[in-house]
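A short write-up of the structure that comes next.
FYI, side chains are in, hydrogens and waters are out, and symmetry mates aren't considered; it's all heavy atoms of this structure. Here is how names work: the chains are called A, B, and so on, in the same order as the sequence lines, proteins then strands, and each is numbered from 1.
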Amino acid sequence: MALSSMWRQRAADATRPGLLATIRRIPPTAWFGFAVILLYGGAALLAPWVAPYGENEVVSQTPFAPWGAEFWLGTDQLGRDFLSRIIFGARNSIGIALVTTILAFLIGGTLGIVAATMRGWTDQILSRLVDSLMSIPDLIFTLMLLAIFGSSVFNLIVIIAVIDATRVFRLARASAFNVVTLEFVEAAEARGEKLPWLVRQEILPNILPVLVSEFGLRFCFVFLSIAALSFLGVGLQPPMAEWGSMVRDNAALISSGDITPLIPAAAIALLTVGVNFVADWYLNETGGLSHDEG
Amino acid sequence: MKSAYSPIFRLIAGRLALGILSLVIVSLVIFLAVSMLPGDFATATLGRSATPETVAAFRERLGLDLPWYLRYFAWLGHAIAGDFGQSFSGRPVGQIIGPRLLNTLYLAALTALVAVPLAVGLGIVAALYRNRLPDRMLSAASLASISVPDFFFAYVLMLLLAINLGLFPTLASIRPSMGWDDKLYRMALPVLTLTLVILAHMMRNTRAAIISIMSRPFIEMAKLKGESPFSIVVHHALPNAIGPIASVVAINLAYLVAGVVVIEVVFVYPGIGQTMVDAVRNRDIPVIQACALIFSVTYILLNMIADIVSIVSNPRLLHAR
């Protein structure tokens with residue numbers, strides 16, 4: 001058994017009044033966040049069954065049909081059902097943001113841990129590279145790369161993931177650095193354990209809470225970036241339903257006092273608030289400990 | 001005297017050197033990104049019917065037939081002199097973005113004028129009423145504003161102030177021929193939206209700066225003397241917080257760089273952000289390069305100023321090394 005897991009076990013024992021107590025301690029804001037995430041996840045997974053009409057089905061002869069019994073939220077600029085587009089939009093926007101964030105964590109997390117454990121030249125080169133990439137504003141860099149490579153879903157995911165990985169790298173490196181200098185890692189090194197074992201058994205378990213909480217925040221950031229890019233017309237391309245581009249395509253309605261185009265924007269805000277609440281709670285629940293130790 | 005000041009000069013010189021290095025790297029990245037263009041870019045831009053001769057001529061116009069370092073120095077030299085070459089539409093890039101850059105600077109300056117005093121004032125209020133109702137309300141509002149997409153603010157303000165109340169025009173399409181009062185009236189909504197976008201962050205940082213200073217011994221001394229909380233903040237905390245607050249302001253003005261792009265598109269404001277988005281849609285590479293360079297240089301310079309201000313204003317950094 002790795003020394004660090006014994007250490008963690010002790011720490012867990014000390015603070016473990018049982019799962020039930022943890023659940024009872026969840027603040028209302030986090031419950032709200034869970035409810036929002038569940039609702040959105042459900043809509044995303046079950047979109048074809050929940051949505052009254054298809055994603056690209058033209059159901060009305062007149063564009064911009066008003067709210068009514070047939071189309072609850074009216075229709076969009078091409079006569080497609082607005083509510084159905086929102087539900088399918090959840091699937092597209094959340095799915096793509098999730099894939100992008102996971103990719104960013106795979107790239108940034110791996111490189112960050114490698115930099116912290118190898119130190120020396122590897123760390124220097126990777127850190128300077130990340131610093132210079134971070135000195136270009138995110139949105140501007142993304143716009144430039146999209147112009148060069150074209151805005152396909154694949155390019156969008158890779159470009160945003162790489163740019164976002166710089167932030168993940170910073171955090172992973174900093175928190176892994178704190179762990180690497182602790183005694184049990186040195187002890188394992190002295191025992192002659194190999195690097196992959198060290199990373200898997202000692203480092204990763206100890207920086208995981210910080211990374212998981214950061215995952216929530218990065219997801220929000222990626223989600224907002226994709227929405228902004230689609231709103232600008234250079235992100236996800238039609239006919240794909242996406243909340244940012246739905247705001248853009250129906251913005252004309254606002255000048256007649258119609259709030260329909262604001263609904264997708266509010267949906268974006270609700271999800272990011274919910275995820276923020278949950279990430280905050282999670283960080284307080286688990287991260288406080290490892291911060292104090294670091 | 002000299003020995004007392006030299007470490008701080010060394011720090012500043014180091015930060016300046018780092019800033020210049022990042023400027024060089026950024027210009028190199030922006031330049032080289034174009035060299036990574038997929039091979040068929042010329043064909044893609046000119047259309048499938050393009051003959052090999054037109055493709056070759058196009059590549060030559062981009063300068064793609066020269067070695068990259070020569071092209072880089074030529075490009076950088078011209079860019080510093082304000083000449084960004086020809087856009088794909090045939091007009092000189094400088095002519096396209098020159099007046100629009102002025103418009104964007106005008107917008108950013110107005111926003112800073114409104115947002116900075118407001119954010120610092122609210123930050124002080126939040127620090128004074130720490131963990132009480134005004135503070136809770138302000139921090140809830142700032143969480144909301146971080147979670148909400150910029151264009152949501154823009155459209156909500158447009159709906160409330162322009163359409164329901166009819167206070168301002170919905171679009172901020174200004175022209176050079178307009179008088180300054182007319183321009184100001186049309187720019188009210190974008191300025192207000194951008195203020196909301198950067199306000200929360202700036203306010204939170206100001207609050208943190210004041211609170212960290214409020215825990216110092218000299219503040220306790222003032223409390224023991226029986227000074228009022230207001231007087232403590234204004235006479236003791238604020239003068240010491242000016243350095244951190246100034247650096248907060250500079251960093252947040254750098255955030256404006258991203259906000260400006262979206263807001264200009266919403267309000268059809270003829271600025272450089274909108275120019276860049278249009279150029280991205282048309283894949284007009286020289287215009288994109290110029291806009292990206294201008295945005296990045298602004299961003300780097302503001303961050304550098306923020307760091308230097310905090311170095312200069314923190315005497316303890318003298319002993320940092």
Side-chain angles (χ1 to χ4, degrees), chain A residues 29 128-129 131-151 217 220-221 223-234 243-244 247-248 250-251 253-259 261-277 280, chain B residues 18-19 21-26 28-30 33-34 36-38 41 44 143-144 146-156 158-159 162-164 170-171 254-255 257-259 261-262 265-266 273-274 276-285 288-289 291-292 294-296 298-300 303:
Chain A
T29 48
R128 292 295 84 75
L129 183 72
D131 283 350
S132 51
L133 285 183
M134 281 176 79
S135 60
I136 305 181
D138 284 347
L139 181 66
I140 303 303
F141 204 12
T142 315
L143 280 175
M144 190 175 80
L145 293 179
L146 280 175
I148 290 166
F149 295 107
S151 350
L217 302 180
C220 290
F221 190 81
F223 190 71
L224 286 172
S225 307
I226 293 177
L229 290 169
S230 302
F231 174 77
L232 294 175
V234 294
W243 291 341
V247 176
R248 165 202 174 79
N250 299 283
L253 284 177
I254 291 180
S255 44
S256 57
D258 189 339
I259 61 154
L262 293 179
I263 294 173
I268 295 170
L270 189 64
L271 180 63
T272 37
V273 170
V275 173
N276 262 308
F277 278 156
D280 255 9
Chain B
L18 196 67
L21 185 68
S22 18
L23 285 176
V24 170
I25 293 175
V26 162
L28 205 58
V29 168
I30 290 174
V34 177
M36 299 194 305
L37 287 176
F41 178 76
L143 170 70
I146 290 164
S147 312
V148 169
D150 299 349
F151 51 82
F152 183 70
F153 278 132
Y155 282 122
V156 167
M158 192 194 271
L159 188 67
I163 292 157
N164 290 353
T170 48
L171 299 182
Y255 285 146
V257 165
V261 176
V262 173
V265 170
V266 174
Q274 193 173 24
M276 181 165 186
V277 173
D278 288 341
V280 169
R281 276 194 226 128
N282 304 326
R283 304 183 82 173
D284 194 338
I285 299 295
I288 296 170
Q289 273 184 318
C291 294
I294 290 171
F295 276 126
S296 308
T298 318
Y299 186 76
I300 293 171
N303 275 309

* **Side-chain heavy atoms of I288(B) within contact of L143(A), under 4.5 Å** => no

* **Close side-chain approach of I140(A) and V261(B), heavy atoms under 4.5 Å** => yes

With a 4.5 Å cut-off on heavy-atom pairs, point out which of [options] contacts chain B the most.
options: S151(A), A269(A), P137(A); answer: P137(A)
options: V273(A), L232(A), V234(A), I268(A); answer: L232(A)
options: I259(A), L224(A), L271(A); answer: L224(A)
options: L133(A), I254(A), L146(A); answer: I254(A)
options: L139(A), V275(A), I136(A); answer: I136(A)

Compare every heavy atom of [Y] with every heavy atom of [X], then report the nearest pair and how far apart it is.
X: A265(A); Y: F152(B); value: CB-CD1, 3.2 Å
X: S135(A); Y: V26(B); value: OG-CG2, 3.3 Å
X: A292(B); Y: M144(A); value: CB-SD, 3.8 Å
X: N276(A); Y: S147(B); value: ND2-OG, 3.5 Å

* Structure fact -> Hits for salt bridge (charged side-chain N to carboxylate O under 4.0 Å, His left out) against D278(B), two or more places apart or cross-chain, chain-then-number order -> R281(B)

* salt bridge (charged side-chain N to carboxylate O under 4.0 Å, His left out) involving D258(A) - partner list, sequence neighbours excluded -> none

Can you tell which part of [X] gets under 4.5 Å to a heavy atom of chain A, answering side chain, backbone, both or neither?
X: Y299(B); answer: side chain
X: V265(B); answer: side chain
X: I30(B); answer: both

* Can you label the angle between the F151(B) ring and the F231(A) ring as parallel, tilted or perpendicular, going by 30° and 60°? => parallel

Can you say whether [X] sits under 4.5 Å from chain B via the side chain, the backbone, both, or neither, judging by heavy atoms?
X: F141(A); result: side chain
X: F221(A); result: neither
X: R248(A); result: side chain

